[in-house]
Amino acid sequence: MIRLALLRHGHTAWNRAGRIQGRTDIPLDDEARVQLAAQQLPAPWDRADLVSSPLTRAVETAQLVAARTPETSFALMEMNWGQWEGLHGTDLKADPAGGFRDIEDWGWHYTPPDGESPDSLRKRLIPWAGSLTRDTVAVCHIGVMRVLLAHAIGWDFDGPAPFQIKRNRLYLLEISPSGWSALPAPIRLEPRL
């Protein structure tokens, strides 16, 4: 059995403004850098393999909380939001003809214009997770985390999400040949000593 700990990257200016980032490479903001530099991975996760999305906000988050440079994997890249990247979700939601949906109405095959569905994201994430040979911390994005958690607990993006993803917490998955499971309570990052 392999354990995978998922950590969402710190805030960016686009996060704070409610803009959809997707694959747009927006760096952490200064406030996030200060907050993350004051935290660290708890044991035993501080000794686990460290992998991040190649996007700057994830790499920098990993460096700050682990005090080392992560390997990067394209598999951990955020969901592609296509034509909606850079736009405000509230504006998209206000346009009834635009096709924007809340997460509980996605299903696995919901796809933004010229973007990527959760199922497409799952098809690149599952082989990556299956290739892990040691316990691993993956610093990534909310879309990646939603797909991996949904896969582990059997949620199909239909109805309210059975989990809430917060920053500065590790969300743990156990992956074995007999299946996946998600541990119920996330683990908080620790104050840096």
Side-chain angles (χ1 to χ4, degrees), residues 1-79 121 124-126 128-153 155 161-176 180-193:
M1 178 187 67
I2 299 294
R3 294 183 307 159
L4 174 60
L6 306 173
L7 177 65
R8 187 178 179 193
H9 65 78
H11 279 101
T12 70
W14 278 25
N15 288 136
R16 295 191 198 277
R19 294 174 71 179
I20 297 172
Q21 290 179 118
R23 293 183 175 181
T24 305
D25 201 4
I26 306 299
L28 297 175
D29 64 23
D30 290 339
E31 184 179 341
R33 287 185 187 102
V34 170
Q35 290 172 346
L36 289 164
Q39 299 180 348
Q40 64 184 9
L41 295 172
W45 297 103
D46 56 339
R47 295 181 305 280
D49 286 352
L50 181 65
V51 184
S52 82
S53 158
L55 294 175
T56 302
R57 58 192 182 265
V59 172
E60 192 173 4
T61 296
Q63 290 170 330
L64 288 167
V65 301
R68 57 189 161 115
T69 301
E71 292 183 29
T72 60
S73 174
F74 175 80
L76 295 172
M77 179 83 73
E78 177 62 296
M79 190 173 105
L121 183 51
R124 72 175 146 92
L125 285 168
I126 301 308
W128 171 82
S131 75
L132 299 176
T133 58
R134 294 186 61 228
D135 289 352
T136 301
V137 174
V139 182
C140 52
H141 311 273
I142 194 168
V144 169
M145 294 174 72
R146 283 176 180 150
V147 166
L148 289 170
L149 287 165
H151 179 78
I153 66 172
W155 181 57
F163 49 78
Q164 190 176 39
I165 298 172
K166 297 184 178 183
R167 296 183 198 277
N168 305 328
R169 291 163 177 79
L170 299 175
Y171 291 80
L172 305 181
L173 303 177
E174 292 182 342
I175 302 169
S176 72
W180 288 43
S181 62
L183 300 182
I187 300 170
R188 289 182 178 268
L189 298 181
E190 295 179 346
R192 187 171 298 279
L193 303 176

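A 6.0 Å sphere centred on CZ of Arg188 holds no more than 12 heavy atoms belonging to other residues, nucleotides or ligands.
Under the salt bridge (charged side-chain N to carboxylate O under 4.0 Å, His left out) criterion, no residue pair touches residues 139-152, with sequence neighbours excluded. Among residues at least two apart or in separate chains, salt bridge (charged side-chain N to carboxylate O under 4.0 Å, His left out) pairs with a member in residues 6-21 are Arg16-Asp29, Arg16-Glu31. Residue pairs satisfying the salt bridge (charged side-chain N to carboxylate O under 4.0 Å, His left out) criterion with at least one member in residues 53-79, sequence neighbours excluded, are listed as follows: Arg33-Glu60.
Put simply, the side chain of Thr24 never gets that close to the backbone of Ile26: no donor and acceptor are under 3.5 Å apart.
Applying the side-chain hydrogen bond (donor to acceptor under 3.5 Å, both in side chains) criterion to Ser176, with sequence neighbours excluded, gives Ser178. Arg3 pairs by the side-chain hydrogen bond (donor to acceptor under 3.5 Å, both in side chains) definition with Asp135, not counting sequence neighbours.
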Name each donor-acceptor pair under 3.5 Å that joins a side chain in residues 36-54 to protein atoms two or more places apart or in another chain, with its distance.
residue	atom	partner	partner atom	Å
Asp49	OD1	Arg134	NH1	2.3
Ser53	OG	Leu55	N	3.1
Ser53	OG	His141	NE2	2.8

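Atoms CG and SG, from Leu125 and Cys140 in turn, are 8.0 Å apart once rounded to the nearest 0.5 Å. Of the inter-residue distances, the one linking Thr56 atom OG1 with Asp25 atom CG reads 3.5 Å to the nearest 0.5 angstrom. Trp128 CH2 to Leu4 CG: the interatomic distance, rounded to the nearest 0.5 Å, is 5.0 Å. To the nearest 0.5 Å, atoms CE (Met79) and CZ (Arg124) are separated by 10.0 Å. Rounded to the nearest 0.5 angstrom, Leu28 CG and Thr61 OG1 are separated by 4.0 Å. Here the CG atom belonging to Leu76 is positioned 12.0 Å from the NE2 atom belonging to His9, to the nearest 0.5 angstrom.
Annotation: side chain of Tyr171 is not in contact with side chain of Phe163 (no heavy-atom distance under 4.5 Å). In this structure the side chain of Leu149 never reaches within 4.5 angstrom of the side chain of Ile153, judged on heavy atoms. In this structure the side chain of Val139 never reaches within 4.5 angstrom of the side chain of Leu6, judged on heavy atoms. You'll find the side chain of Asn15 reaches within 4.5 Å of the side chain of Arg167, heavy atoms only.
Taking all atoms of both residues into account, the shortest heavy-atom contact from Pro186 to Arg169 is CB-CB, 3.9 Å.
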